[in-house]
Asker: 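Before we start, here is the structure in question, set down as structure tokens.
All values derive from a computational prediction rather than experimental measurement. Per chain, numbering begins at 1; letters A, B, ... match sequence-line order.
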Protein chains: 2
Amino acid sequence: MATDLLERVRKSLQEFLSGKGLRRTPQREAIIEAAFGTDDHFNAEDLLKRAQEIDRSVSRATVYRTLPLLVESGLLREIELGTGTKVYDPNFIDRPTHNHLICVDCNKIIEFEDTNMELLENCITRRLGFSPASKMIKIEGHCDELKRQGSCEHLRTREAQEGTRG
Amino acid sequence: MATDLLERVRKSLQEFLSGKGLRRTPQREAIIEAAFGTDDHFNAEDLLKRAQEIDRSVSRATVYRTLPLLVESGLLREIELGTGTKVYDPNFIDRPTHNHLICVDCNKIIEFEDTNMELLENCITRRLGFSPASKMIKIEGHCDELKRQGSCEHLRTREAQEGTRG
DNA sequence: ATTTCTGCAAACGATTTGCACAGGG
DNA sequence: CCCTGTGCAAATCGTTTGCAGAAAT
């Protein structure tokens, strides 16, 4: 499934690039492969690391220069999670209207869609004299899993990773 | 009305400060006066400028050190508008659950509340196994005023200000 | 008197940019 | 061949911090 997605992304990006007179390069290839290879959110540094695992020659500057292209092309979305760094979400290709529910305690992120909310937003927007363009909802809460059990899978995974990273 | 608000803020902040063993200083006074003197959103630099108009001695460092206190005390809220800098909203004291509707074209910001949306959010959150904590909704759209008339009041005000600032 | 606060300027971390060379079309 | 893309390192921008003196309580 991820491979299939990657194919669609490649095609779509290729159209975007050639439409703008821009070029396909191995570095950009590596970067999109890294960006759409998983459905995790990531920041520039994460992406650099992943892209370099695919192609050693990818530099930080190229990552920073490629990210805006991916956003402009509509393949990637910049989401505001309130962490210090810009975070990118590769999942808007499949679910263009999804929202984020975040656990304040373990930082688990759940993506969800809701038709009622879509509808309500549209109504509100029009009622206030606007034509809807895009919307973003971020809900913070406490996940039951953690509250009930004192720990949760996400938290453990996170802690394990922190240990690895140093 | 703004004066009344300012009084409430002072009192509330005073309680917060003394509760933490922190002190009331002229600089902090100037900063809260600047922060709650209007209902505009602002960033650190805006606030510095406004605070210095009240008390020349206010420094950038003090502004940056005071902002987190105001946020922690619940008087001020950091909102994510996707501009490069952190933006603060002084209007959550009066309307603790309000949301933002932003015009993509003129950057006008409309604050709104909606009980249905509140309710819906709560339902969704619980359904997904979370206890609600806080939420933030940002809707982007095109304002009719600008679309219909080719210009709008907000845009003109903005342009006038840009000219002033340099 | 004892802390907390302050301004200053240096440090910081994420992101951007100028440059000279590399390499796609 | 022309023009865009690249890596590198320096620059930038918002924000944070160490320090020595100032000032609340």
Side-chain angles (χ1 to χ4, degrees), chain A residues 10 13-35 41-52 54-73 76 78-88 165-166, chain B residues 10 13-35 41-52 54-73 76 78-88 165-166:
Chain A
R10 272 214 193 79
L13 185 65
Q14 181 49 37
E15 278 164 25
F16 174 79
L17 289 179
S18 57
K20 293 205 114 193
L22 302 176
R23 291 166 185 171
R24 164 184 289 241
T25 69
Q27 289 87 347
R28 282 176 180 165
E29 280 289 322
I31 290 169
I32 67 163
E33 199 171 323
H41 301 156
F42 53 83
N43 62 29
E45 203 63 26
D46 297 334
L47 184 57
L48 171 64
K49 207 192 303 176
R50 290 198 217 155
Q52 285 184 331
I54 298 165
D55 180 340
R56 288 247 100 234
S57 82
V58 174
S59 75
R60 179 167 288 107
T62 298
V63 167
Y64 275 105
R65 282 190 274 234
T66 303
L67 276 168
L69 291 177
L70 293 172
V71 171
E72 196 193 337
S73 75
L76 209 57
E78 209 177 299
I79 57 175
E80 282 137 35
L81 294 182
T83 55
T85 77
K86 288 183 187 170
V87 175
Y88 298 87
R165 287 192 207 151
Chain B
R10 274 214 192 80
L13 186 66
Q14 179 51 35
E15 278 165 23
F16 174 79
L17 289 177
S18 57
K20 293 203 113 192
L22 303 176
R23 292 167 186 172
R24 165 184 288 241
T25 69
Q27 290 87 349
R28 283 177 180 164
E29 280 289 321
I31 291 170
I32 68 162
E33 199 172 323
H41 301 155
F42 53 83
N43 62 30
E45 204 62 27
D46 298 333
L47 184 57
L48 172 64
K49 208 192 301 174
R50 290 199 217 154
Q52 285 183 332
I54 299 165
D55 179 341
R56 288 245 101 238
S57 82
V58 173
S59 74
R60 179 169 287 104
T62 298
V63 166
Y64 275 105
R65 281 190 276 232
T66 303
L67 277 168
L69 291 176
L70 293 173
V71 171
E72 196 193 338
S73 75
L76 209 57
E78 208 176 299
I79 58 175
E80 282 137 35
L81 294 182
T83 55
T85 78
K86 289 183 186 171
V87 175
Y88 299 86
R165 286 192 208 150

Asker: For the pair made of CG in A:D55 and P in C:dA22, what is the distance, rounded to whole Å?
Answerer: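 Distance check: A:D55 CG to C:dA22 P gives 17 Å.
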Asker: Less than 4.0 Å between a side-chain N and a carboxylate O, is that true for B:E33 and B:R10?
Answerer: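 Counted as a salt bridge, because a side-chain N and a carboxylate O are separated by less than 4.0 Å.
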Asker: Between B:G21 and B:V58, which is nearer to the 5' end of DNA chain C once each is assigned its nearest nucleotide?
Answerer: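 Going by which nucleotide is closer to the 5' end, it is B:G21.
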Asker: Where along residues 26-33 of chain A does a heavy atom come under 4.0 Å from DNA chain D, residue by residue in number order?
Answerer: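 Heavy-atom contacts with DNA chain D come from A:Q27, A:R28.
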Asker: Do B:E45 and B:T85 have side chains that get closer than 4.5 Å, going by heavy atoms?
Answerer: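 The answer is no, as the side chains (C-beta and beyond) never meet within the 4.5 Å cut-off.
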Asker: Tell me: CG of B:L22 to P of D:dA23, nearest whole Å?
Answerer: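 Distance, rounded to whole Å: 19 Å.
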Asker: Which heavy atom of B:Y88 sits nearest to which heavy atom of B:L67, and what is that distance?
Answerer: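 Residues B:Y88 and B:L67, closest heavy atoms: CE1-CD1, 3.7 Å.
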Asker: CZ of A:F16 versus P of D:dT4: gap in Å, rounded?
Answerer: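 About 15 Å, once rounded to whole Å.
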Asker: Expressed as a whole number of angstroms, how long is the span from B:L48:CG to D:dT15:C1'?
Answerer: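 Result: 13 Å.
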Asker: Can a donor-acceptor pair be found, under 3.5 Å and without considering hydrogens, that links the side chain of B:R28 to the backbone of B:R23?
Answerer: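 Checked: pair present.
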Asker: Could you pull out the closest heavy-atom pair between B:A30 and B:D55, with the gap in Å?
Answerer: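 What the structure gives for the nearest pair is CB-CB, 3.7 Å.
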Asker: Regarding D:dT25, can its base be found pairing with the side chain of B:R23 as donor and acceptor, where the two atoms are less than 3.5 Å apart?
Answerer: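 Absent.
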Asker: What is the distance from CG of A:L47 to P of C:dA14, rounded to the nearest Å?
Answerer: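 The answer, rounded to whole Å, is 15 Å.
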Asker: Between atom CG in A:L17 and atom C1' in C:dG25, what is the gap in whole Å?
Answerer: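 Distance check: A:L17 CG to C:dG25 C1' gives 13 Å.
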Asker: For A:A35 and A:F42, which heavy atoms make the closest approach, and how far apart are they?
Answerer: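 So the minimum-distance heavy-atom pair works out to O-CE2, 3.5 Å.
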Asker: Whether B:T62 contacts C:dC5 is assessed here as follows: a side-chain N or O lying under 4.0 Å from the phosphate OP1 or OP2. Is that the case?
Answerer: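 For C:dC5, neither OP1 nor OP2 has a side-chain N or O of B:T62 closer than 4.0 Å.
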Asker: State, to 0.1 Å, how close B:T83 and B:V87 come at their nearest heavy-atom pair, and which atoms those are.
Answerer: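 Where B:T83 meets B:V87 most closely, the heavy atoms are OG1-CG2, 3.6 Å.
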Asker: Apply the side-chain contact (heavy atoms from CB on, under 4.5 Å) test between B:I31 and each candidate in B:I54, B:L47, B:L69; give the one that qualifies.
Answerer: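 When B:I54, B:L47, B:L69 are each tested with B:I31, the side-chain contact (heavy atoms from CB on, under 4.5 Å) holds only for B:L47.
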Asker: Return the 5'-most residue of the pair B:Q14, A:R56 with respect to DNA chain D, ranking by each residue's nearest nucleotide.
Answerer: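 That would be A:R56.
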Asker: Please tabulate, one pair per line, each protein N/O and nucleotide N/O from nucleotides 15-18 of chain C that are separated by under 3.5 Å, including the distance.
Answerer:
{"residue": "C:dT15", "atom": "OP1", "partner": "A:K86", "partner atom": "N", "Å": "3.1"}
{"residue": "C:dT15", "atom": "OP2", "partner": "A:Y64", "partner atom": "OH", "Å": "2.5"}
{"residue": "C:dG18", "atom": "O6", "partner": "A:R65", "partner atom": "NH1", "Å": "3.4"}

Asker: Testing the basics here: between B:V58 and B:V63, what is the closest heavy-atom pair and its distance to 0.1 Å?
Answerer: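 Closest heavy-atom pair between B:V58 and B:V63: CG1-CG2, 3.8 Å.
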